[in-house]
2 protein chains.
Amino acid sequence: MSLRYALLGLLAEEPASGYELTRKFERVLARYAWHAQHSQIYPELNRLAADGLVEIVAEGARGRRTYAITDAGRADLRTWMLDPPDVFTVRNEFVLRLFLLSTLDRDEARAMLRPIADGSAREMADLRDAIDKADAADAEPSFNRLIAEYGLRMFETTHEWALWALARLDRAE
Amino acid sequence: MSLRYALLGLLAEEPASGYELTRKFERVLARYAWHAQHSQIYPELNRLAADGLVEIVAEGARGRRTYAITDAGRADLRTWMLDPPDVFTVRNEFVLRLFLLSTLDRDEARAMLRPIADGSAREMADLRDAIDKADAADAEPSFNRLIAEYGLRMFETTHEWALWALARLDRAE
DNA sequence: CATTGACATGTAGAAACCTACATGTCATCT
DNA sequence: AGATGACATGTAGGTTTCTACATGTCAATG
């Protein structure tokens, strides 16, 4: 069901085509929250339309169809947002690898942690840039600023943790 | 393939039965890294055995079969650990909801963030307890300490972020 | 000795998801 | 005018995952 709500959520912000939604997934959601390909998105949009949760509001060039969320869709989304299940589904290969760190020896563990420290530093820098640009553009603070801050703090934490873990491995030599 | 490596990883630490592996998933992996049910675990163990990556090392009461990782299994796991794909699969309902925060109004957002702040505080406290107990028990520092620290820092970051976001919403009133 | 609950493994059928293939449009560059 | 690449939507077939059903063992409790 999460894909369905991810789509409703994106359409609640603004109407979009399947193609645009696919790119939003690629650029944003897939990396942090929920992964989906176009081959899953298009059929789900058709199902959402059949269920009356979204509707086609425009048809453009190249068969493009712009979808918008309906009142029923908004109501459904709101219920899902405010009445969370008490257990959340998590599937995260990155964290899984961290959990299996203990299957490596000391040198191998270092070889795994080093790129994590570097990668998270890069992601931090990129996100900080994006935030600074957005802050300069929008005068008024937005909800998007909240989630960007969450991402930034997560990368910082991963970065600092990786450095800490590397130092700990060195010290225990 | 991740389920396969999750199982190999757990068996690399120590031999276990399907039942024990299922409980390890429930207690640890499912909440942070990878979710799987017994109906998926048992068939996968059989496939791993057929592929020679694990083997049955004991049979006990109630049809219990204890599996151990083989050398081939260890080699497979090591390759996967040290040669990561450059993009990781992520599916996380919790983070997805955060991304969709902007579909709520201010009061609804507060109603969503408050339990997140409280929940992460509780998880932090639990993990800190577990770490303290483990520190007291094992004299020697282990790899498990590293991943526990990762979890602890993640919950701290989520907690502090949620408080920051709540304060920001209040300020912008 | 009957009941309960943890232990223990499995499968059927449906839903979700992935990879790969398929098709066509429109704008831009050469 | 042809080539290229982004735009745009789709499906077939296979794999993974979920829900629900199914079966039986053993230990402890009343």
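Distance CG (B/Asn46) to P (C/dA8): 16 Å, rounded to an integer number of Å. Here the C1' atom of nucleotide D/dT11 and the CD atom of A/Glu44 are 16 Å apart, to the nearest Å. In this structure, the OH atom of B/Tyr42 is 17 Å from the C1' atom of D/dT17, given to the nearest Å. We find that CZ of A/Arg47 is positioned 13 Å from C1' of D/dT11, with the value rounded to whole Å. Rounded to an integer number of Å, the gap from B/Ile41 CD1 to D/dT19 P is 14 Å. Across the protein-nucleic acid pair, A/Leu7 atom CG and D/dT9 atom C1' stand 15 Å apart, rounded to whole Å.
Taking the six-membered ring for Trp and thresholds of 30 and 60 degrees, B/Phe99 and A/Tyr32 have nearly parallel ring planes, at less than 30 degrees apart.
Taking 4.0 Å as the cut-off between side-chain N and carboxylate O, A/Glu123 and A/Arg31 count as a salt-bridged pair. Between A/Lys24 and A/Glu13 there is no salt bridge, since no side-chain nitrogen of the basic residue lies less than 4.0 Å from a carboxylate oxygen of the acidic one. A salt bridge links A/Glu44 and A/Arg4; the closest N-O separation between the charged side-chain nitrogens and carboxylate oxygens is under 4.0 Å.
Using a 4.0 Å cutoff on non-hydrogen atoms, the parts of residues 18-34 of chain B near DNA chain D are B/Trp34, ordered by number. DNA chain D is contacted by B/Ala61, B/Arg62 of residues 56-69 of chain B, taking any non-hydrogen atom closer than 4.0 Å.
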Salt bridge (charged side-chain N to carboxylate O under 4.0 Å, His left out) between A/Arg78 and B/Glu108, worked out: CA-CA 9 Å; A/Arg78 194 170 165 284; B/Glu108 290 169 341; 2.3 Å; yes
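Two different hydrophobic clusters hold A/Val90 and A/Val95 under the rule that ILVMFWY side chains link at heavy-atom gaps under 4.5 Å.
Although no hydrogens or angles enter the test, the distance criterion places a donor-acceptor pair under 3.5 Å between the side chain of B/Tyr42 and the main chain of B/Tyr19. For B/Asp51 (side chain) and B/Leu53 (main-chain N/O), no donor-acceptor pair under 3.5 Å exists by modelled atom type.
Note that the CG atom of B/Leu98 and the CG atom of A/Leu146 stand 9.5 Å from one another [nearest 0.5 Å].
Relative to the ring axis of B/Trp80, A/Arg97 places its NZ or CZ within 45° and under 6.0 Å from the centre. With A/Trp34 as the aromatic partner, A/Arg91 does not meet the cation-pi criteria of under 6.0 angstrom to the ring centre and within 45 degrees of the ring axis.
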Between the protein and nucleotides 18-22 of chain C, list the N/O to N/O atom pairs that are separated by less than 3.5 angstrom.
{"unit_1": "C/dC18", "atom_1": "OP1", "unit_2": "B/Arg91", "atom_2": "NH2", "d": "3.1"}
{"unit_1": "C/dC18", "atom_1": "OP2", "unit_2": "A/Gln40", "atom_2": "OE1", "d": "3.3"}
{"unit_1": "C/dC18", "atom_1": "OP2", "unit_2": "B/Arg91", "atom_2": "NH2", "d": "3.4"}
{"unit_1": "C/dT19", "atom_1": "O4", "unit_2": "A/Ser39", "atom_2": "OG", "d": "3.1"}

